[in-house]
Asks: 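My questions will all concern the structure given below.
Below, chains carry the letters A, B, ... as their sequence lines are ordered, and counting in each starts from 1. All heavy atoms count here, side chains included; hydrogens, waters and symmetry mates do not.
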Protein chains: 2
Amino acid sequence: MNLKELAERLGLSQTTVSRALNGYPEVSEATRERVTRAALQHGYTANANARRLAMGRVGAIGIIIPADSSQRFGPHTAEFLAGLAERLSAHEIDFLISPLINNDEISVYKRLISSKRVDAIIVSHPALVDERITMLAKAGFPFVLHGRTEADVPHSWLDIDNQGAFYQAASHLLDLGHRHIAMIDGLKGFTFSEHRELGYRQAHLERGLPIDERLIIHDRFSDDIGFAETLRLLSCEPQPTGIIAGSMMTALGVSRAIRAKGYQVGKQVSLIAHDDVFPYLNASNMVPSMTTTRSSIRAAGTRIAEMLMLQLDGAAVTAMQEVWPVELILRQSSGPPVR
Amino acid sequence: MNLKELAERLGLSQTTVSRALNGYPEVSEATRERVTRAALQHGYTANANARRLAMGRVGAIGIIIPADSSQRFGPHTAEFLAGLAERLSAHEIDFLISPLINNDEISVYKRLISSKRVDAIIVSHPALVDERITMLAKAGFPFVLHGRTEADVPHSWLDIDNQGAFYQAASHLLDLGHRHIAMIDGLKGFTFSEHRELGYRQAHLERGLPIDERLIIHDRFSDDIGFAETLRLLSCEPQPTGIIAGSMMTALGVSRAIRAKGYQVGKQVSLIAHDDVFPYLNASNMVPSMTTTRSSIRAAGTRIAEMLMLQLDGAAVTAMQEVWPVELILRQSSGPPVR
DNA sequence: CTTATTTTCCAAAGCGCTTTGGGAGGGATC
DNA sequence: GATCCCTCCCAAAGCGCTTTGGAAAATAAG
């Protein structure tokens, strides 16, 4: 069943049927009603490809995911996507997930743009200097960046205050009297990771306290890494009494390692984690409950979808830029150092 | 830059250019070379919509995700998608994630089909009686089911041996001498959930042991639920000495609750979890290391993508059906009951 | 040197939709 | 009763690609 058939069956022109279905004012309410009913009855839906071809609009936004993706297609990405979906569903917009081939992200983006399969792109995990941003901006293709970059081209982005988060966490521990604080965060090179390290350093600097470079660790976010690195850290001399973990996954490993060494979390070793808020992992329910810097990555997804819609609807396309604050929530896993 | 322009610039017809780029044999190698080079140089990629419109093929497969998706868009889905991506990327096939609106899954599927946006669909989380399967089969639309259903229509599916998994887990605990074993699994109604319960019951039945219905719990997979339910269970009389958890997330909560009650995992209370294998959560690294029934959900995704490709390539479209065995891996979290 | 066969390329007809630029028909206005 | 203006509808021209059915050029066969 296509438009032509439907029109014939109704004794109307294709034009009228198309207009009736797309809500144009040039058709009478009676006809519109009749058309809508017939469409429903015959299960007619416009062929999306033809529609897009004719309109030049696509009705989908693109996201690029590494193919061998243990790395980035983890729980963070999933939550983020869930947030996007929440908002985009209202607009009947789908998303197209392109697997990343050969790690040549730039060419995947170019392919996505020139094959006209998406109206806009969401870019994630920016590095401080990120070729993708300049390329997309130069190409004039609509996109929103999740995160921040130092590129000096106008574009929309949303980021959380990663520096502030780790600044608060480190400050809190330092003020409690901790003097050897480790941080186990994400991979180096990404903006969020660098910003967090900056916050950590800033807290020390402001207090005139030295930094032990061996205590700054960058790696993937995973339970394993948290566990292994913490075991290693706790064998160092002097032993760190506080640990800041970049993700809840990491924190799970850290807290296991602390227990495995025979210490108690929040006593001999304090732990603060950054919590992206996973529905299946609740910091306040943990034992001991976990002190966290919290910011919902799902909410960020929703807001980014919104920004994208605004941008696509032409409105004020002046770049929207938002930094979300991160709150430090004190719970039982952090306390003054104990001998 | 479109086909027409490119053809003009090359002094060739659109036909020839199109054929050259799509590998048809009717063009000389010399011309093909020339065309390919020019396309690359001018950054030409065929407009996907026009291409699909002309060909009737789409180059994308559809997946449906709940919009308010704390429920199902969790780590399991993410891992599964990662598996799909791994395989599909080789074929330059994208996937289209349609958010589920109003929970009316059937109509979303129908829309997806009739709008011709995907070549095939992947269906997840089947119920024992699942309307979607019969609908898709009747419509003759290519799809692969992740899981199983009782519908008597020919279709491809891949499932793991959920019944066997819980049968093994329960049997192991029973054989160790446990007599009060709880299971905290996924929501009722889904096939996997029912099959697991079946396995659990079978183990008891075969040994002529009674089942305490209060010990069978169905709910979402989450840390919280695991925690709360376990606290409740451990206040029951008689107290269960073994718990089987349907997911690693649940198991995290369970093991926290066990410790919170002052017991040790693997001593007073044994714990076996089903492990879908998350790269950021490693059962053997836990403390104590976790006895699991293991089956990689990512691998399942990869295989399902493969089945889909086979089906689309027309080959033997006789329904492919696979049940993957699940292995019980004994570690420290399960042992004989201790007073 | 013809004639039959390939090889190599092309014009034009769709694919199913949106949208431009009008054209009937029916009230309202004078 | 003629004129004007809406309201409601339509024919036809794209959107950018693939593919059918030939035709011209090059090669092989007689």
Asks: Could you tell me how far apart A:Leu10 (CG) and D:dC8 (C1') are, to the nearest whole angstrom?
Replies: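 So the two atoms are 15 Å apart, to the nearest Å.
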Asks: Mind checking ring-ring contact (aromatic ring centres under 6.0 Å, His included) for B:Tyr109 and listing every partner two or more places apart, or none if nothing turns up?
Replies: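 Counting only residues at least two positions away or on another chain, B:Tyr109 forms no ring-ring contact (aromatic ring centres under 6.0 Å, His included).
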Asks: Please classify the nucleic acid contact of A:Asn49 as base, sugar-phosphate, or nothing, using heavy-atom distances under 4.0 Å.
Replies: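 Since no nucleic acid heavy atom lies under 4.0 Å of A:Asn49, the category is nothing.
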Asks: Mind checking B:Thr15 for me? I need base, sugar-phosphate or nothing, with any heavy atom below 4.0 Å counting as a touch.
Replies: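 Base contact.
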Asks: For A:Glu33, is there an ion pair with A:Arg37 - N to carboxylate O distance below 4.0 angstrom?
Replies: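 A:Glu33 and A:Arg37: salt-bridged.
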Asks: Starting from the 5' end of DNA chain D, give me the residue, B:Thr16 or B:Leu53, whose nearest nucleotide shows up first.
Replies: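 Of the two residues, B:Leu53 wins.
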Asks: Whole angstroms only, please: what is the OH-P distance between A:Tyr24 and D:dT7?
Replies: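 Going from A:Tyr24 (OH) to D:dT7 (P), I get 18 Å.
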Asks: Do you know which of B:Leu84, B:Leu308, B:Leu158 makes side chain to side chain contact (heavy atoms under 4.5 Å, CB included) with B:Arg303?
Replies: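 The residue from B:Leu84, B:Leu308, B:Leu158 that satisfies side chain to side chain contact (heavy atoms under 4.5 Å, CB included) with B:Arg303 turns out to be B:Leu158.
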Asks: What's the CZ-C1' distance between A:Arg19 and D:dT7, to the nearest Å?
Replies: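 In whole Å, D:dT7 C1' lies 12 Å from A:Arg19 CZ.
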Asks: Roughly how far apart are B:Phe278 CZ and B:Ile297 CD1, rounded to 0.5 Å?
Replies: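 If I round to the nearest 0.5 Å, the distance is 6.5 Å.
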Asks: Is there a side-chain contact between A:Leu136 and A:His155, using heavy atoms and a 4.5 Å cut-off?
Replies: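 Heavy-atom side-chain distance check fails, nothing below 4.5 Å.
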Asks: Start at the 5' end of DNA chain C and walk down; is the nucleotide closest to B:Val17 or to A:Leu3 reached first?
Replies: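 By nearest-heavy-atom nucleotide position, the 5'-most residue is B:Val17.
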Asks: Could you tell me the boundaries of the chain A footprint on DNA chain C, defined by atoms under 4.0 Å from its heavy atoms?
Replies: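 Endpoints of the contacted stretch of DNA chain C: C:dG16 to C:dG21.
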Asks: Using 30° and 60° as the class limits, which term best fits the ring planes of A:His146 and A:Phe80: parallel, tilted or perpendicular?
Replies: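 A:His146 and A:Phe80: parallel rings.
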Asks: Contacts to DNA chain C from residues 31-45 of chain A, heavy-atom cutoff under 4.0 Å, which residues?
Replies: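 Contacts with DNA chain C under 4.0 Å: A:Tyr44.
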Asks: Tell me, do A:Val277 and A:Glu79 make a side-chain contact under 4.5 Å, heavy atoms counted?
Replies: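 A side-chain contact under 4.5 Å is absent here.
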Asks: Do B:Thr15 and B:Ser18 pair up side chain to side chain, a donor and an acceptor below 3.5 Å, judged on atom types alone?
Replies: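 Checked: B:Thr15/B:Ser18 side chains show no N/O donor-acceptor pair below 3.5 Å.
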